[in-house]
Each structure stands twice: as C-alpha cells, then as structure tokens.
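In what follows, a single structure is set out as structure tokens and then discussed.
Side chains are part of it too, since the values below use all heavy atoms of this structure and drop only hydrogens, waters and symmetry mates.
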Amino acid sequence: MIISSINIISIDKILNNPLINSKNRYQKLKGYYVLCVSEKFTGKGEVSILSGFSKESFQEISWIFESFKSGFPINENLHIEEFVEYIGIHTQGAPALRFALETAIYDVYCQKKNISLAAFFKKNHSNHINLSTIFTQDYNRTVCFDTIKLKIGVNKLADDLIIMNKINKIKKMKFRLDANQSLSLDDLLFIEKNLNGINVQYIEEPFENLNEKKLLKLKAETSFEVAVDESIYNSDAYKDWIKTGLINYIVIKPSIFGGYSDFFNLTEYAKKYNIEIIVSSALETHVGHMATVHLASCVNNSQSHGLDYYAFYKNYSKHIYSKNESKVYLDNIIGLGVEL
C-alpha cells in the first residue's frame with residue numbers, strides 16, 4: 001500500500017450539554033482528525049483529548065505529529081504492518097495520537113479491501129452492538145435504553161438517589177454508578193441501604209487511590225460489583241485485581257488507551273479471567289465513535305457499551321444510526337463507515 005499524504009486538522013466541538021463528574025466539567029471536545037490518502041481512498045482517524053484521562057495536551061499532539069510526519073514513508077510501497085510499526089515507534093507516550101493514526105491507516109486499507117475494520121480484526125465479530133446512555137439531565141432520552149450511567153458524587157448522594165428513582169419510574173433501568181474516585185465506604189453503604197429495588201450493575205471507580213485493601217473491604221461489606229476505568233491508565237495494578245477476582249468489569253476508552261494491539265491485548269487478558277469489557281466514549285465525534293463501535297463489536301459480548309453518541313452531539317446527518325436507536329448495526333460497512 002502506498003500512502004501519498006497524511007495530515008491532521010483541528011476539532012473544536014461544543015457538547016449538547018456539559019458533562020460533569022466529581023473532578024471535571026466537560027463542555028467541548030478539542031482534538032484532531034487524521035486524514036490519510038492512498039489513491040482515491042481517504043482514511044480517517046480522530047484524536048480525542050480528555051482532561052483527567054489523556055496523557056497528551058492539544059499542543060503536544062501537534063508537536064509530536066510534526067515530528068512523526070517528517071519521517072513518515074510517503075509514496076513508499078509498504079505492508080500495513082510496517083506502517084503500524086512506524087506509528088508505534090514514533091508515538092511513544094502519545095496513545096491518543098497512536099490510536100488515531102492507526103485508525104486512519106486501517107480505514108484506508110479496509111476501504112481498499114472492501115471490508116469493515118471489525119471484519120479485518122475479527123471474522124466472527126458481532127454485526128451490531130448494544131448501547132447504554134449517560135444521564136445528562138434529559139429524562140426523556142432514557143426511554144430509548146435499558147442501561148444508563150449516572151455520575152455520582154457530584155451532588156449529594158440523597159439527590160442522586162432521587163434522580164435514580166425518577167428515571168426508574170419512567171422506565172426500569174440497569175444503573176452504572178460512576179463515582180470517579182469520589183466516595184467512601186460509608187457512602188457506598190448509604191447508597192446500598194437506600195436503593196429500594198433499583199438495579200445497580202456496578203460501581204465504577206468508587207475510591208481515590210484504589211488498591212487491593214480497599215477492594216477487599218468493599219467486597220466484604222457490600223454486594224456491589226466493581227468496574228475500573230481511570231485506574232487502568234495509572235498503573236498495571238488492575239491486572240492483579242483481575243487475577244484475584246476483585247473487579248468484575250473494565251471500562252475502556254480505546255481512543256485514549258493506546259493502539260489497537262493494546263486494546264486487544266487487554267481484552268484477551270480480561271477474557272481469560274471472565275472479566276467483562278465495556279467500551280466507553282472519550283467524547284469522540286462520529287469518526288472516533290465509529291472506531292470504538294468496531295472494537296466493541298470485536299469484543300463480541302452482550303453488554304451494552306457506553307457509546308451513546310447523541311448524548312453528546314447533534315449532527316445526525318453524519319452518522320450511520322439515528323438519535324433514538326439503542327443499537328448500532330455494522331452490516332454492509334466498508335472501512336470505518338463514516339465521512340467527515
């Protein structure tokens with residue numbers, strides 16, 4: 001395959017509603033699109049910068065990309081594995097850029113081969129994925145879904161319970177409670193005592209400085225299952241928690257975790273210990289979102305993935321599914337499946 005050009009263009013996109021957790025307030029996405037051209041085909045990728053998760057800043061991405069581009073093998077006939085190897089070598093410490101560049105390379109390659117990204121990575125991938133949503137003050141939107149994430153620890157816990165009860169009256173839901181490391185064990189005991197039949201699938205990132213001792217105590221004193229998210233970006237300690245059965249779910253944002261091989265290595269490791277994978281959004285636009293959809297279909301589980309694009313954005317015309325659908329289908333998709 002010959003690549004004739006590779007470039008980035010900046011993104012500055014306002015969210016429908018601010019996304020607020022116990023540590024950050026997100027009102028817009030700043031990032032980049034990657035455009036990779038080969039003959040008549042253009043591959044696309046997206047760099048999403050998410051404060052509190054991403055290792056790179058907006059400016060650092062630009063600097064690293066310029067260095068990357070200066071040595072990139074333009075107009076050389078190479079195998080796709082050679083392009084991916086070059087990306088890996090030259091994006092050390094910049095996982096979001098690595099993901100975006102690999103996405104663009106895989107997109108253009110798969111367009112040429114007339115297959116989807118999901119089919120390239122896994123022949124028996126699921127032909128659709130189920131979506132969960134996230135609560136952003138829009139009670140009416142919840143009726144489209146069976147599973148919802150609620151950011152807790154921002155308000156008083158009693159107020160969070162009122163929100164959960166109100167949602168549950170509209171439609172019986174499965175709740176994913178994301179604390180973003182803001183709670184104490186007493187907080188969890190208070191929540192559990194006052195659930196009144198509300199179905200909680202798991203508590204995500206319950207405590208600051210999560211460790212084995214805290215997880216053992218949580219498991220001993222509550223019935224909650226546990227998911228990790230932020231913890232997988234800070235150290236490899238979560239791998240020991242997986243081995244010892246202290247966590248039940250891994251919530252992964254592929255677009256900021258690293259390259260595609262990083263994603264598949266983690267999902268295979270989790271599968272070995274019967275840990276469920278939930279693929280989650282890093283506020284990507286439709287380009288990055290579709291990359292995560294393809295990867296969720298490769299996970300091939302029955303979980304609802306935290307990829308409700310329309311919880312954050314309104315540009316319906318650019319995507320392959322509509323606002324009120326709770327499934328994304330991958331039938332007849334070529335490459336990534338979307339245009340800019």
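Less than 6.0 angstrom separates the ring centroid of Y321 from the ring centroid of Y310.
With F224 as reference, I191 is the one residue of I191, N248, L189 to meet the side chain to side chain contact (heavy atoms under 4.5 Å, CB included) rule. Of the candidates F58, F99, F65, F58 is the only one forming a ring-ring contact (aromatic ring centres under 6.0 Å, His included) with Y32.
Of the charged side-chain nitrogens involved, at least one lies within less than 4.0 Å of a carboxylate oxygen, so that D12 and K28 count as a salt-bridged pair. With respect to the salt-bridge test (charged N to carboxylate O, under 4.0 angstrom), the residues D160 and K151 do not qualify.
A tilted orientation is assigned to the rings of F68 and F72, their planes being inclined by 30° to 60°. Aromatic ring pairs are classed by plane angle as parallel below 30°, tilted from 30° to 60° and perpendicular above 60°; the pair Y202 and Y249 is tilted. The aromatic rings of F121 and Y260 lie parallel to each other, with less than 30° between the two planes, well short of the 60° mark.
Every residue two or more places apart in sequence or in another chain was checked for a side-chain hydrogen bond (donor to acceptor under 3.5 Å, both in side chains) with E82, and none qualifies.
Counting heavy atoms from C-beta outward, V47 and I49 have side chains that approach closer than 4.5 Å.
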Could you go through the side-chain hydrogen bond (donor to acceptor under 3.5 Å, both in side chains) check for N301 and K271 one step at a time? CA-CA 10 Å; N301 63 17; K271 183 179 179 182; over 6 Å; no
Is there a side-chain hydrogen bond (donor to acceptor under 3.5 Å, both in side chains) between E205 and S231 once you walk through the steps? CA-CA 8 Å; E205 289 290 339; S231 293; 2.9 Å; yes
Under the ring pair (Phe, Tyr, Trp, His ring centres under 6.0 Å) rule, what do F41 and Y109 come out as? Steps first, then yes or no, please. CA-CA 9 Å; F41 303 98; Y109 179 83; over 10 Å; no
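Looking only at atom types and distance, the side chain of T222 has no donor-acceptor partner in the side chain of E192 under 3.5 Å away. Donor-acceptor pairing under 3.5 Å is recorded for the side chains of E46 and T285. Inspection of the Q303 and Q201 side chains reveals an N or O donor paired with an N or O acceptor under 3.5 Å.
At a threshold of 4.5 Å between side-chain heavy atoms, the hydrophobic network of Ile, Leu, Val, Met, Phe, Trp and Tyr places Y86 and I61 in one connected group.
A cation-pi arrangement is absent between K113 and F120 under the rule of less than 6.0 angstrom and at most 45 degrees off the ring axis.
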